[in-house]
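Reviewing the structure listed below.
Index from 1, following the sequence. Read the numbers this way: they start at 1 and go in the same order the structure lists the ligands and their atoms.
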Amino acid sequence: MYRSHTCGELRASDINTDVTLSGWVHKSRDKGFVIWIDLRDRYGIIQLVFDEERTEAELLEKARSLGREFVIQVKGKVIERTSKNPNILTGDIEVLVQELVVLNQSLVPPFTLDDTTDGGDDLRMKYRYLDIRRRPVKNNLIFRSKVSMEVRKYLTNEGFIEVETPYLIKSTPEGARDFVVPSRMNEGQFYALPQSPQTFKQLLMVGGLDKYFQIVKCFRDEDLRADRQPEFTQIDCEMAFVEQEDILQVFEGLTRHLLMEINQKEVGPFPRLTYDDAMEKYGNDKPDIRFGMEFAELTNIAQHRDFAIFNSAEIVVGIAIPGGASYTRKEIDKLIDWIRRPQIGAKGMVYVKCNEDGSFKSSVDKFYNQEDLSTWAEKSSAKAGDLICILSGSIHETRSQLSALRMEMAERLGLRNPDHFAPLWVIDFPLLELDEESGNYHAMHHPFTSPKPGQLSLLETDPSAVRANAYDLVLNGNEIGGGSIRIHDKETQQIMFKHLGFTPEEAKAQFGFLLDAFQYGAPPHGGIAFGLDRLVAILGGQETIRDFIAFPKNNSGRDVMIDAPSLLDPEQLKELHLRIET
Ligand code: ASP
């Protein structure tokens, strides 16, 4: 038996107990006549003591030779500590060691394994197995497991069954590139790894399974913008005989269950915002509603003077920054520089200071009088002491620039409290979006999403006006889930494919199996998928998903620990009928 107890569980009530413990040498302090060793395992840290008076000389020497991260087993007695450590749960006691076995030695780790480490990201990733020994990383993985278990518990209680779907498949269109796998047995042919199990879960509904879920890996070969992973995990769900309302109820329930069980937070009914309203109020389809600073559209009221920049703009829109009237000229200039950075791309910013005495001071005083400015302040719910920041230009760009400013200011003002959870549904998304470059329409969600009832014919006349039975679940400024009610008949699906630019032959070649299935009594169905990595990070009060993934990839999609991707040897290439041309 390697251990009778773990390193985290012994307390004062265990004094005088004989114990066997196993773990890693976290730290050792050698005072000559006495040696203390912090022994660590997954459950905690316990102090071992060896001293001249009570320990045999040979054992004392052996203890002295232990290096950091050696794996050891000790037998000894729990005794009371003379100087207690209130910072650890085992801090009232220590173990007086009588026997010591070195189970394995260790090289000196390349970084310290404390809560805060001197190891940089690259080093930590290369030695991720050591990083995982650190308490914060270990705790994140335990936290993730707890969230997954709660998801399974809730969904299983609701009658969902977990079904696995294949990884070696054919392309599924979630808007990214596929990772592909060459087939040795089928020369020149490739599998694609699923961007999601979308078509399979729909086929499970045709198969009559009615309520499906799966905690599943998805693969998308995208340029890795900040905090994305090429493989990530979804809580993937689908239900048959449901309307949008049924789905929203079940998954609002799941989210509420998680917030309660994981964070002990009770949240009321989730607000619902249409996509159009979200864009108008927050310039963003995943608004953070933990704080106000809602957009005020000033277009009509600001275009009556001689200010050419506003007059030529498609939209003039502002937000009130609480307490911003006290910003100095220099601080405001800095803010303008910030918003003009290429990543944001605004050309400039108009501002109005709402002074405490009720007067206004703006950067456009030449064009607007106090009465004008007072109307703007009213429209943007600015109070005395606030700063109104106003941007103008084309609708889409201006809103997205102002949204970036809103988030930045909330961050600076400490309004994005990670312990405050503000979920909402965004509904009624456009069915299609125009790709400015190619001039083609793409499915905003995916090609299997149904249009709102009665809007199918609009596809011919005004495609961008068609709204979808699609919804996103947004939490604290992040899209944590998205789904839709699907098309479930062949004809509608074919019309959709046509509008997305597929010829009938292409549609048949790529999705013939689904179109076929729809001819055999496909029930009405719909579903949703949550991004588990992000959900866990948010519930854990952190922003980066990498911290909650055991073995993440870096920003270039590499696993630096196992050194993947890597070259294949010529034999293997030949077997796969592949030739590399450089
Ligand atoms: N397959 C979709 C996605 O990955 C989710 C869904 O529509 O259920 O975003």
Side-chain angles (χ1 to χ4, degrees), residues 151 155 160 162-167 169-179 192-206 209-222 225 228-240 242-252 254-255 275 285-286 425-433 442-452 467-475 478-488 493 496 500 510-511 514 522-535 545:
V151 168
L155 291 175
F160 283 77
E162 188 164 11
V163 185
E164 288 171 66
T165 51
Y167 281 162
I169 64 163
K170 203 163 154 158
S171 188
T172 46
E174 298 283 0
R177 282 196 191 84
D178 291 320
F179 281 104
L193 298 180
Q195 294 185 32
S196 84
Q198 184 60 40
T199 46
F200 286 95
K201 65 175 172 175
Q202 292 192 241
L203 293 172
L204 288 173
M205 295 306 108
V206 183
L209 284 190
D210 183 274
K211 286 178 175 182
Y212 141 94
F213 88 100
Q214 181 181 194
I215 295 186
V216 62
K217 273 289 172 74
C218 302
F219 306 86
R220 298 184 190 175
D221 187 3
E222 300 182 280
R225 279 182 277 138
R228 288 271 187 114
Q229 290 281 312
E231 54 175 310
F232 59 96
T233 307
Q234 282 190 346
I235 309 164
D236 191 45
C237 311
E238 196 77 6
M239 300 172 81
V242 284
E243 293 174 336
Q244 174 167 305
E245 189 57 35
D246 301 299
I247 303 257
L248 300 194
Q249 291 297 338
V250 171
F251 293 96
E252 188 162 322
L254 169 65
T255 314
Y275 170 86
D285 60 3
K286 42 180 195 307
W425 290 105
V426 177
I427 56 174
D428 300 352
F429 276 83
L431 184 70
L432 304 173
E433 69 187 333
H442 290 307
M444 188 147 180
H445 189 48
H446 52 54
F448 315 110
T449 296
S450 62
K452 288 262 165 215
R467 289 297 178 257
N469 287 318
Y471 31 80
D472 275 358
L473 185 57
V474 175
L475 181 58
N478 294 278
E479 178 205 325
I480 55 159
S484 59
I485 297 297
R486 326 297 182 189
I487 296 166
H488 68 278
Q493 191 62 69
M496 245 334 256
L500 294 171
Q510 219 183 326
F511 301 112
L514 190 71
H525 60 285
I528 191 168
F530 287 71
L532 180 67
D533 310 281
R534 172 96 36 220
L535 176 63
I545 64 172

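For atom 5 (C) of ligand 1, the closest non-hydrogen atom of the protein is G482 O, 3.4 Å.
Ligand-side atoms of ligand 1 in range of G483: 6 (C), 7 (O), range being under 4.0 angstrom from any heavy atom. Numbered from 1 in the order shown, with element, the atoms of ligand 1 that lie under 4.0 Å from a heavy atom of E174 read 1 (N), 2 (C), 3 (C), 4 (O), 9 (O). Close contacts of ligand 1 with K201, meaning ligand atoms under 4.0 Å from a residue heavy atom, involve 6 (C), 8 (O). Atoms of ligand 1 lying under 4.0 Å from any heavy atom of Q234, numbered from 1 in the order shown and given with element: 3 (C), 4 (O). For ligand 1, the atoms sitting less than 4.0 Å from at least one non-hydrogen atom of I528 are 8 (O), numbered in the order shown with element in parentheses. Counting the atoms of ligand 1 from 1 in the order shown, those under 4.0 Å from a heavy atom of A529 are 5 (C), 8 (O).
Within the 3.5 Å criterion, the main-chain N or O of A470 finds no donor-acceptor partner in the side chain of Y275. Using a distance-only test at 3.5 Å, with no hydrogens or angles considered, no donor-acceptor pair links the side chain of E174 to the main chain of F219. E238 places no side-chain N or O within 3.5 Å of a backbone atom of L204 that could act as its donor or acceptor partner. With S450 contributing its side chain and I485 its backbone, the two residues share a donor-acceptor pair below 3.5 Å. At least one donor-acceptor pair under 3.5 Å links the side chain of Q214 to the backbone N or O of T165.
Using a 4.0 Å cut-off between heavy atoms, R220 contacts ligand 1 through its side chain alone, with no backbone atom that close. Using a 4.0 Å cut-off between heavy atoms, S196 contacts ligand 1 through its side chain alone, with no backbone atom that close.
Centroid-to-centroid, the aromatic rings of F251 and Y471 stay 6.0 Å apart or farther.
Considering both main-chain and side-chain atoms, Q195 never comes within under 3.5 Å of ligand 1 through any nitrogen or oxygen pair. For the pair R486 and ligand 1, the shortest N or O to N or O distance falls below 3.5 Å. Residue E238 has no N or O atom closer than 3.5 Å to an N or O atom of ligand 1.
The CG atom of L514 sits 6.0 Å away from atom CZ of F448, with the distance rounded to the nearest 0.5 Å.
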Quick one: do L432 and L500 satisfy side-chain contact (heavy atoms from CB on, under 4.5 Å)? Show the steps, please. CA-CA 9 Å; L432 304 173; L500 294 171; 3.6 Å; yes
